Amino acid sequence: MNLREHLPADLRSVARLINQTGRAQYRRAQYAAAHRSRAHQSKQKKISNESHPDVKESLLANGFAVIPGAIPQETIEALSAEMDAALASNQVFPVWRTQQDDSRPAYLSAAELARGEDYIAKHANVAYVENPLITCQSTLDIVFSDIVIDIATEFYGALPAVTGCNLLKSFVNDLPEAGYNMFHVDVQSPKFIKFFVYPSDVDEESGPFCIVKGSHRQKPAGWRMNNNRTLQDIENTYGTGSVHRISARAGDLVVANPTAFHRAQKPQKHARRALMINTGLHPIQRAIGDEPMIREENYESMTLKQKSFADFIRVLSPADENK
Ligand SMILES: O=C(O)CCC(=O)C(=O)O
């Protein structure tokens with residue numbers, strides 16, 4: 001039974017506020033406990049890290065940072081080719097139909113997916129590659145690179161870990177803005193960062209990641225209650241020009257604090273491909289994407305530093321893979 005349906009409308013928003021406040025308190029306690037434990041492990045494991053003080057400073061002040069050319073070009077070329085091959089062979093996570101109506105299922109059917117990317121792009125704003133850390137092995141070189149782990153370690157002051165990994169393509173189409181195209185904040189943890197790497201350059205016309213500078217520090221009361229803010233809402237509150245659209249070259253590393261207001265702008269002229277790495281100190285409930293998984297052979301060849309970063313990733317044995 002859905003109790004909320006039995007509440008008068010004006011009590012429903014109060015119930016939602018109480019529920020959200022309770023969950024936020026729970027997540028703060030979860031983060032604090034995880035921080036104690038993972039800071040302790042960090043001291044014990046004596047893992048060496050390079051410091052990136054400018055990145056940390058920019059993350060704290062603005063909520064984002066861009067590190068130009070952080071990922072080698074050959075890795076980016078491999079990522080680009082593997083991602084295109086995965087999409088061409090329909091290795092995609094169930095694709096959510098952008099315009100929902102009662103006459104069609106919420107997700108595209110296997111027969112629809114088999115019609116290929118042009119068809120998918122007419123019905124969905126975005127498609128995700130299935131199990132990216134397995135399907136596209138070049139993702140491992142990026143996700144477990146020193147620069148990603150070092151920036152995350154310095155940000156948390158404790159051993160970080162991957163909490164989710166998405167490889168996605170956002171399409172140019174006539175469908176309305178939906179989901180991540182609206183301004184929102186991620187609430188799965190009170191403190192976390194995500195990384196983006198693009199297989200090709202991203203500019204204003206190819207659906208850049210947008211973030212409201214400093215909004216991780218300052219939000220109007222009650223704004224967490226609605227994660228569907230329009231550009232107009234944001235500009236009315238934070239001012240014209242408050243939205244920063246992050247253009248980046250293929251191989252740049254973009255880091256962002258998603259507790260700031262952000263969105264994926266809908267691409268106007270060119271589709272956008274992106275690798276997105278979520279990090280944190282405790283496992284989170286993912287809004288989208290598979291549970292992150294890697295092959296046992298890949299896990300076994302990792303350093304201690306990389307294995308710690310894989311703490312929340314499911315390691316698949318050959319027997320698991322054949323199931
Ligand atoms: O794809 C993007 O640029 C943003 C995705 C996003 O909004 C999110 O992960 O919360």
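Ligands are counted one by one from 1 in listed order, and the atoms in each one are counted from 1 as well. For clarity, every value in this text was computed on a predicted model and none was experimentally measured.
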Practice problem: Sorted by first residue and then second, give each salt bridge (charged side-chain N to carboxylate O under 4.0 Å, His left out) pair with at least one member in residues 125-152; sequence neighbours left out. | Solution: D146-K305, D150-K305
Quiz item: Would you say the side-chain atoms of S51 and E154 include a donor-acceptor pair closer than 3.5 Å?
Solution: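 Judged by distance alone, the side chains do pair up.
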N/O pairs closer than 3.5 Å, ligand 1 and protein:
{"from": "ligand 1", "atom 1": "1 (O)", "to": "R272", "atom 2": "NH2", "distance (Å)": "2.7"}
{"from": "ligand 1", "atom 1": "3 (O)", "to": "R272", "atom 2": "NH1", "distance (Å)": "2.8"}
{"from": "ligand 1", "atom 1": "3 (O)", "to": "R272", "atom 2": "NH2", "distance (Å)": "3.4"}
{"from": "ligand 1", "atom 1": "7 (O)", "to": "H184", "atom 2": "NE2", "distance (Å)": "3.1"}
{"from": "ligand 1", "atom 1": "7 (O)", "to": "H262", "atom 2": "NE2", "distance (Å)": "3.4"}
{"from": "ligand 1", "atom 1": "9 (O)", "to": "K194", "atom 2": "NZ", "distance (Å)": "2.5"}
{"from": "ligand 1", "atom 1": "10 (O)", "to": "H184", "atom 2": "NE2", "distance (Å)": "2.9"}
{"from": "ligand 1", "atom 1": "10 (O)", "to": "D186", "atom 2": "OD1", "distance (Å)": "3.3"}
{"from": "ligand 1", "atom 1": "10 (O)", "to": "D186", "atom 2": "OD2", "distance (Å)": "3.2"}
{"from": "ligand 1", "atom 1": "10 (O)", "to": "K194", "atom 2": "NZ", "distance (Å)": "3.3"}
{"from": "ligand 1", "atom 1": "10 (O)", "to": "H262", "atom 2": "NE2", "distance (Å)": "2.9"}

Quiz item: Is a side-chain donor or acceptor of D252 paired with a backbone partner of R249 at a separation under 3.5 angstrom?
Solution: yes
Practice problem: Sequence neighbours left out, what passes salt bridge (charged side-chain N to carboxylate O under 4.0 Å, His left out) with E117? Give chain and number order. | Solution: K169
Quiz item: What residues form a ring pair (Phe, Tyr, Trp, His ring centres under 6.0 Å) with H244, not counting sequence neighbours?
Solution: F64
Quiz item: Do NZ/NE/NH1/NH2 and the carboxylate oxygens of D186 and K194 come within less than 4.0 Å?
Solution: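 Between K194 and D186 there is a salt bridge, with a charged N closer than 4.0 Å to a carboxylate O.
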